[in-house]
Engineer: 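Mind looking over this structure? Questions follow.
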There are 2 protein chains.
Amino acid sequence: MARPRKPLLSRDRIVTTALALIDEEGLAALSTRRLAAELGVSGPSLYNHFATKEAILDAAADTVVGRVDLSMFRDGRDWRGALLAWGRSYRAALTEHPRLVPYLAVGPGLRPAGLRMADAVFGGMVEAGWPPAQATRIGALMRYFVTGSALGSFAAGFVGDAAAYDPADYPHLGQAHLLARHREQVDEGAFETGLRALVDGLALQYAELGAGKDDAQGGAKGAAAE
Amino acid sequence: MARPRKPLLSRDRIVTTALALIDEEGLAALSTRRLAAELGVSGPSLYNHFATKEAILDAAADTVVGRVDLSMFRDGRDWRGALLAWGRSYRAALTEHPRLVPYLAVGPGLRPAGLRMADAVFGGMVEAGWPPAQATRIGALMRYFVTGSALGSFAAGFVGDAAAYDPADYPHLGQAHLLARHREQVDEGAFETGLRALVDGLALQYAELGAGKDDAQGGAKGAAAE
DNA sequence: ACCTGAACACCGTTCAAGT
DNA sequence: ACCTGAACACCGTTCAAGT
């Protein structure tokens, strides 16, 4: 075939197909040869569009993170509402491609979309009155919680067979086998409970800011990005 | 050589060496051939002790999770203190082998040590007066937060070069390049802030339990393991 | 510029053969 | 029982060759 008059591939088509393959068969199934076959080309063709397989994954990760809604940070008044809405949108974006999350959550991980997100969150919190050092921490801890919740199902960790939980070993897990059946409810319920607790707990710290009390966390002195 | 009179390998030695290799060179560097070389044997020898490479990783994950302190759940009175102490021990265990966390955090992930942990947390929370459905959620949301925080550094996502943050694209990241220099402080500060917020926020919900108010989360009805 | 097949140095795993 | 080398079907990536 050699060079066709119209390119067979594009970065977009590669990323979309990679994402679909990951969704259907998992991260491990994504090999350059397999992906190329799915696209109807031979393996090395991909290297005309991406330098490495990792670059393809980075682009896929960036696409996913780019879908997170950040509009709630444009109005700096209601930081609690913004954090709740952002947290939900962030989690929803990740759980659309749950098998990519282990890749996306690790390492530097700040492709352009991640930086835009960090920028919006930090700006929103500072505008709402948080000291910069705390605003940084809020961005970080929300990332921890959301990626952690999207990463793996808690409920799916429990096999759905009651015999698996010998009461001698696990005295309190008598009903644990039921969790597998309610996977999504359990995971979403835990996420919502945690998200509210996080925001409520932060509100307590926020209230102390004005009160002139010492910030037990170390205040603006302890962290960068101020 | 064939069969030596004293076995060259043991499951323990394999797991320990695998963990060391992952710590030094990362998950990707762990191949059966490479690990075998490190152990002074040939690749296939490993299959006398583990069925697959995955089984080796599972065993390594179980070892790491097995080091989490669970003693704080034996006394059911101070659930807040228990959650704080457990969260810190959990995170400390994972960050000793940060490059294993992406593996460990994903999927079923409940090797025996994980089940023991789930059992202790659930039992502790129930004993402290939490309804079972909420106790389940607390175990889950703590796992989200701790694995998320151990998974990847937030601060390391920012390159240490101020020129990387064009103010036109990222108006609030003028100081972000400083984060790389204070990686551990930033990540630990964010973890502590989040952990306290989580526990404080849960305490608010706990206080409402006795007040007879409706549980906005759905109460005992919505989840399993009750 | 963009595709191809051949080639390189790797993988995880199986298996017959050795003691 | 526990190790070995050979073999199978894969990898990611490079590169010269084609149009």
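Computed over heavy atoms, backbone and side chain alike; hydrogens, waters and symmetry mates excluded. Just so it is clear, the model here is predicted, and its values are computed rather than measured. Chain letters run A, B, ... following the sequence lines, proteins first and then strands; every chain starts at 1.
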Engineer: Please work out which residues in residues 43-58 of chain B have a non-hydrogen atom less than 4.0 Å from an atom of DNA chain D and list them by number.
Structural biologist: B:P44, B:S45, B:N48, B:H49
Engineer: Surrounding CG of A:D12 (heavy atoms of other residues, nucleotides or ligands, distance under 6.0 Å), is the total greater than 12?
Structural biologist: no
Engineer: Under a plain distance cut-off of 3.5 Å, with no hydrogens placed, do A:D23 and A:H97 share a side-chain donor-acceptor pair?
Structural biologist: yes
Engineer: For A:Y144, give me all partners under ring pair (Phe, Tyr, Trp, His ring centres under 6.0 Å), at least two apart in sequence or on another chain.
Structural biologist: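 By the ring pair (Phe, Tyr, Trp, His ring centres under 6.0 Å) rule, A:Y144 matches no residue at all.
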Engineer: Under 4.0 Å between a Lys/Arg side-chain N and an Asp/Glu carboxylate O for A:E192 and A:R88?
Structural biologist: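 The answer is yes: the pair qualifies as a salt bridge.
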Engineer: Under 4.0 Å between a side-chain N or O of B:S42 and OP1 or OP2 of D:dT4?
Structural biologist: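 Yes, such a contact exists.
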Engineer: Residues in side chain to side chain donor-acceptor pair (under 3.5 Å) with B:E38, at least two apart?
Structural biologist: B:R34
Engineer: Contact list please: residues 12-34 of chain A against DNA chain D, heavy atoms, distance less than 4.0 Å, in numerical order.
Structural biologist: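 Residues of residues 12-34 of chain A under 4.0 Å from DNA chain D: A:L30, A:S31, A:T32, A:R33.
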Engineer: Tell me, what's DNA chain D's dot-bracket, Watson-Crick or G-U with both distances under 3.5 Å, | for other-strand, [ ] crossing?
Structural biologist: ||.|||||...|||||.||
Engineer: Give a yes or no answer on whether the side chain of A:T17 reaches the backbone of A:R13 with a donor-acceptor pair at less than 3.5 Å.
Structural biologist: yes
Engineer: I need the CZ-P distance between A:R11 and C:dA1, as an integer number of Å.
Structural biologist: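 About 16 Å, once rounded to whole Å.
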Engineer: Could you tell me whether a side-chain N or O of A:S45 sits under 3.5 Å from a main-chain N or O of A:S42, the two making a donor and an acceptor?
Structural biologist: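 Checked: pair present.
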Engineer: Would you kindly give the CG-to-P distance between A:L35 and D:dC11, to the nearest whole Å?
Structural biologist: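 It works out to 11 Å between those atoms.
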Engineer: Provide the full list of salt bridge (Lys or Arg N to Asp or Glu O under 4.0 Å) pairs with a residue in residues 44-62 of chain A, sequence neighbours left out, each pair given once.
Structural biologist: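 The answer is A:D58-A:R111.
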Engineer: Starting at CE of B:M72, measure out to CG of B:L83 and round the result to the nearest 0.5 Å.
Structural biologist: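 That separation rounds to 9.5 Å.
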Engineer: Can a donor-acceptor pair be found, under 3.5 Å and without considering hydrogens, that links the side chain of B:D187 to the backbone of B:F154?
Structural biologist: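 Judged by distance alone, yes, a pair lies under 3.5 Å.
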